[in-house]
There are 2 protein chains.
Amino acid sequence: MSSLHSHERLHEALPQAAFETALASLRARGERVTEGRRAVLRALAATSEHLTAEQVVSALESTDPGVHRATVYRTLDVLAELGIVSSVHVSGGANLYHLAASPAGHEHLHAHCRSCGAVVVLPADALDAVVERAHRLAGFRLEASQSTLVGTCARCDGR
Amino acid sequence: MSSLHSHERLHEALPQAAFETALASLRARGERVTEGRRAVLRALAATSEHLTAEQVVSALESTDPGVHRATVYRTLDVLAELGIVSSVHVSGGANLYHLAASPAGHEHLHAHCRSCGAVVVLPADALDAVVERAHRLAGFRLEASQSTLVGTCARCDGR
DNA sequence: ATGAGTGCAAAGTGTTTGCAACTAT
DNA sequence: ATAGTTGCAAACACTTTGCACTCAT
């Protein structure tokens, strides 16, 4: 195998690294690390896509058949609560999940296209001013990476 | 009837006025004005609360019994598409709807408390900078009043 | 050992659909 | 006249639940 410390820049996150980080977060919070949770995290770490709970279930069917659908839902819920995964809330449709710290190793925001359903990623700090303002005005502690902005993506807007 | 042009300031929106405005928007867009749509708009105009589709269905059961559940869903969908109503997307739960221009006659944003589910209203312009930035960075046309911010409200944060 | 986590299957929500009849334009 | 809307009822998609059992700690 090639050396593990060859590059400092990781444009494409190593699934392995993201996975380990997530596990560490779990332990740090005093949460138990079970096979089901490992499996869910592995599935999320393996892609940069935003997956529905049901897609995670499907993914695990081949690799980790003992993990029940209910466990996937419960696990995603816990992970979202802890901020280890962030989720995109879509009108009517299923929530989409992925590791908060992936794919490029840092947090980010989500925007959802009402027309084609695409998820557009925005810089994590785009909401910083809003976070502060919401807190001053309403005492609201806004979690930027759990919020889903809605609109029309560039592709759909151009027609 | 009293004069219709007596006051220019309408701090508390007249349900009637909000209703008429919404109807006018519908017509302006070339949409048909049916009894079902009127009923849904009346229900929304009658409250400053954020209602689920099912709550609208219930409200209409007494006042407008011929209006079917499916019509309510379809109508809310159309109205949201047109921007006449804005909706709050809640993780897992049902979407909440209300007139975009109510209750104080102007647009505004929504924040949803993950802990207690409360909907907090923020000034319409809070996302202005983000709208511009999203457009510059990603060509994304962000619809602020259709976006739901997520976090913890003041009450829940204080414990 | 012990309580958090899990599998299971069923029920719960929330929403959409195909189609014939209706109606606003 | 006619294309958009509706009612209907069933299907659909998504998520949660209670409980007995298991396993990570």
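Naming: A, B, ... by sequence-line order, numbering from 1 per chain. Values below: all heavy atoms of this structure, side chains included; hydrogens, waters and symmetry mates excluded.
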J.: Could you check whether the side chain of Arg37(B) and the base of dG4(D) have a donor-acceptor pair of N or O atoms closer than 3.5 Å, going by distance alone?
T.: no

J.: What is the separation between atom OH on Tyr73(A) and atom P on dT6(C), rounded to the nearest whole Å?
T.: 16 Å

J.: If only atom types and distance count, is the side chain of Ser62(A) paired as donor or acceptor with the main-chain N or O of Ala59(A) below 3.5 Å?
T.: yes

J.: If you assign each of Gly92(B) and Arg27(B) to its closest nucleotide in DNA chain C, which residue comes earlier from the 5' end?
T.: Gly92(B)

J.: Remember a base hit wins even if backbone is also touched, and classify Ala70(A) as base, sugar-phosphate or nothing at under 4.0 Å, heavy atoms.
T.: base

J.: For Glu35(B), report the nucleic acid contact type (base, sugar-phosphate, nothing); a contact means any heavy atom under 4.0 Å.
T.: nothing

J.: Taking atom P of dC23(D) as reference, at what distance in whole Å does atom CZ of Arg38(A) sit?
T.: 13 Å

J.: Roughly how many Å is it from CG in Asp64(B) to C1' in dG7(D), rounded to a whole number?
T.: 15 Å

J.: Is Thr71(A) near enough to dG5(C) that one of its side-chain N or O atoms lies under 4.0 angstrom from OP1 or OP2?
T.: no

J.: dG4(D) C1' sits how many Å from Leu82(B) CG, rounded?
T.: 14 Å

J.: Between Asn95(B) and Ser91(A), is any side-chain donor less than 3.5 angstrom from a side-chain acceptor?
T.: yes

J.: Rounded to whole angstrom units, what separation is found between the NE2 atom of His68(A) and the C1' atom of dG18(D)?
T.: 13 Å

J.: Verify the ring-centre separation between His112(A) and His89(A): is it less than 6.0 angstrom?
T.: no

J.: Side chains of Tyr73(B) and Glu54(B) only: does a donor on one sit below 3.5 Å from an acceptor on the other?
T.: yes

J.: Expressed as a whole number of angstroms, how long is the span from Glu54(B):CD to dT16(C):P?
T.: 12 Å

J.: May I ask you to verify if any side-chain N or O of Arg69(B) is less than 4.0 angstrom from the OP1 or OP2 atom of dC8(D)?
T.: no

J.: Mind calculating the distance between CZ (Arg29(A)) and P (dA4(C)) to the nearest angstrom?
T.: 17 Å

J.: Could you tell me if the side chain of Leu109(A) sits less than 4.5 Å from the side chain of Ser147(A), heavy atoms only?
T.: no

J.: Between Glu31(B) and Ala53(A), name the one whose nearest nucleotide on DNA chain D is closer to the 5' end.
T.: Glu31(B)

J.: Which residue lies toward the 5' end of DNA chain C, Tyr97(B) or Val33(B), if each is placed at its nearest nucleotide?
T.: Tyr97(B)

J.: Using atom CG of Leu26(A) as one end and atom C1' of dA24(D) as the other, report the distance to the nearest whole Å.
T.: 13 Å

J.: Using only side-chain N and O atoms of Thr34(B), determine if any of them is under 4.0 Å from OP1 or OP2 of dT6(D).
T.: yes

J.: Under the 3.5 Å rule, do the base of dG7(D) and the side chain of Arg74(B) count as making a donor-acceptor pair?
T.: yes

